[in-house]
Amino acid sequence: MKRSLHSIQLVGAIWLAVSVALSLAASAQSADAVERQAWLRYAPLDPQTARTYVHLPTTVVSLGDSLVLRTAEQELIRSTGQMLGRTFSSSRDSFAQGAIVLGTINSIHGVAGALHPPQELQPDGYWLTTARIHSADCLVVTGANDRGILYGVFALLSKIARGDSISNLNELRNPYAPIRWVNQWDNLDGRIERGYGGRSIFFDDGKVRDDLTRAGEYARLLASIGINGCTINNVNANPAALEDSFIAQVRRIADAFRPWGVQLAMSVDLSSPKVIGNTHVETAASAVQPAQSAAAPLDTFDPLDPRVADWWQKKVDYIYTQIPDFAGFVVKADSEGRSGPSAYHRSHADAANVIAHALKRHGGVVFYRAFVYNHHLDWHDLKNDRAKAAYDNFHPLDGAFADNAIVQIKNGPIDFQVREPVSPLFGGLRQTNEAIELQITQEYTGQQKQLCFLVPMWKEVLDFDMRVDGKSTPVKDLVSGHSFHRPVGGFAGVANVGLDANWLGSPLAMANLYGFGRLAWNPNLSSDAIIDEWTRLTFGSDPLVVQMVKKLQLDSWPVYESYTGPLGAGTLTNITGNHYDPGPESSEENGWGQWHRADHNGIGMDRTIATGTAYIGQYPPEVQKLYESLADCPDNLLLFFHHVPYTYVLHSGKTVIQRVYDSHYEGAERAAGFVQQWKTLEGHMDDARYRDILARFQFQAGEAVKWRDTICNWIYGVSGIPDQKGRVGTPQGGAPKASVLNR
Ligand code: GCV
């Protein structure tokens, strides 16, 4: 009897444990599902706000039946219903009670002939307006194409989610540039280079994943911010990505993207023709099939060899049989060990053009990355300078690239550092399409473990006036093709989202993905406006939360810069290792060229025309003037451009060394302040999110102290000059440390 009671208790306990585990799993799953929605949560509005949309018609009439239009309709019906607690439904033609009408401007003219947009609608542009259609008041969401309608629907939903008025709507928005892409650096085995949010949403173990749910969800997020292309694999490309059998798998990713108007693109290795077999594709439309048995690879990848041109053409033709809306390729060549045209003494334009030519008949484009440099530079030679490489390699080729080739240029001349000047190459190409490459994944800016909202940095870059020919030529106008009337141009953001529920590895880091899309759509938006939108969409409209989250985000880049690399010192992180921890010694005495040139007498790279590497000479004259003289050079880039003694007095009146000490101490203090500021939000959001983010700020505060102490001790060790405030280089402060640089 006793035994059976025991077994009943045991069974009961197991049952309880199992059901608790199941319900925890279920609630964790639903928390995950919410997290995955990112800024597209569309939480129910409070009743008062919901009432302000009482006149919004609940019938949705779509004029057409395309895949993207159907997506737009479903998104509208589902999300308005969720936010407003009413039932929205579609109808073919029921206008009587008023309707939300979705259609291209041409189809809208079929029901409202007199409706004309106030300005021309460009591809992907949208117009939200009101009209009387069949004697009923209707809200019209229209665009030049179906993608424009989808973007218009997302714009309308964003307004409702943020409680903005939608009465008397008349809003026409065109994108600033036709190219608005994200790049993913996913490897085919499922790892992501410089990815901090889990494994690839596309690949696992050398194959495309069976379950591509996340790929579809990602495309939805991208579409909501106007992104129209996504490169799915690492720019350090595995040639196997171009095997016919792999393309057939990649087709499924394109299928997942297509409803959202996101076109798929791939990174390719230039040596592919020499690595993988030719495909023998028949070009007659009816007979296009992968080869039954692939031929042997070519013995060359020389871009000027006709067999290589033929290889690319056949490969591209085959891709378009599988993916008719394929967007194109991204190429990294002759960089960091990748093969490139130099193997055959050919130019980068030769390499880009052979691929561009193959894509041309299908409407595809090739992005050719300007991130080309020698990573075996002789560090003894003070005239060597990696920063000069992109301009030196590409400026002489201006005009030699095909019309569907785009030179993709990183924002700065080095590599996504916390502070760099803009790349001079933006001003060095007049007859070549350009795109700016920005890094959403925070490789050098805290790897999503620390908060660093990058939109203000990107704004500075995009607004920077290059003064080409002494005229206003801000970077945003150069890359979008406006300045020199180029046919294409735009924005590429290295995103590297992964399978983690919050995509990037941190909920607050998602503001960078959102902000990239918004800036690519309209670089004239302010950082404040962008973060305001993102915060309200992600956290709701509690004024305390909105104000605090915005403040923390907007403070985060300056704070991160202040304890990791003030005065444009360059890379003080561990560059031969993880690109995260402080490691100032690792920048020097190697060929990578991310040097800060600190020695006992001074610090900084002399890049002047007069005495240094002459990098400054790559800028137009007015910009040269800004940086060449010590007197004019802004403090925040001083050490990028000049080598100065530690006792050099800045515009602020402080010496360089004292500024370095103070900046690190202030930065660490402000990072600690983030914890206190976040704590004021307890009870203002769900506890899980509150605690998760609190733990991240606590961690960041510790990391800031680590950075502060490492850098301050290092610079004291190199310079021998103690901190005036007694924090470093005194018995109470950090101990002096011998440095390999103390030569
Ligand atoms: C994909 C930096 C990164 C590399 C990256 C490279 C690039 O060097 O550390 O991981 O490679 O940039 O942009 O090609």
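None of the values given here were measured: they were computed from a predicted structure. Start at 1 and go down the list; that is how both ligands and their atoms are numbered.
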Notebook entry, point to check: Any side-chain heavy atom of Tyr580 within less than 4.5 Å of one from Gln450?
Noted result: yes
Next item on the list: Write out the protein residues near ligand 1, meaning a non-hydrogen atom under 4.0 Å from one of its atoms, in order of chain and number.
Entry: Trp185, Glu193, Arg194, Asn234, Val235, Asn236, Lys332, Glu336, Arg369, Phe371, Lys410, Asp415, Glu443, His579
Margin query: Tell me whether Arg36 is salt-bridged to Glu217, with the criterion being a basic N under 4.0 Å from an acidic carboxylate O.
Written below: yes
Next item on the list: Could you tell me whether Glu437 and Arg369 make a salt bridge, using a distance below 4.0 angstrom between a side-chain N and a carboxylate O?
Entry: yes
Notebook entry, point to check: Of all residues at least two apart in sequence or in a different chain, which pass the side chain to side chain contact (heavy atoms under 4.5 Å, CB included) check with Asp415?
Noted result: Phe371, Arg386, Lys410, Gln417, Tyr444, Gln594
Next item on the list: Sort and list the pairs that fulfil salt bridge (charged side-chain N to carboxylate O under 4.0 Å, His left out) and have at least one residue in residues 561-584, not counting sequence neighbours.
Entry: Arg419-Glu561, Asp581-Lys706
Check: Which salt bridge (charged side-chain N to carboxylate O under 4.0 Å, His left out) pairs, counting each pair once, include a residue from residues 491-516, with sequence neighbours left out?
Finding: none
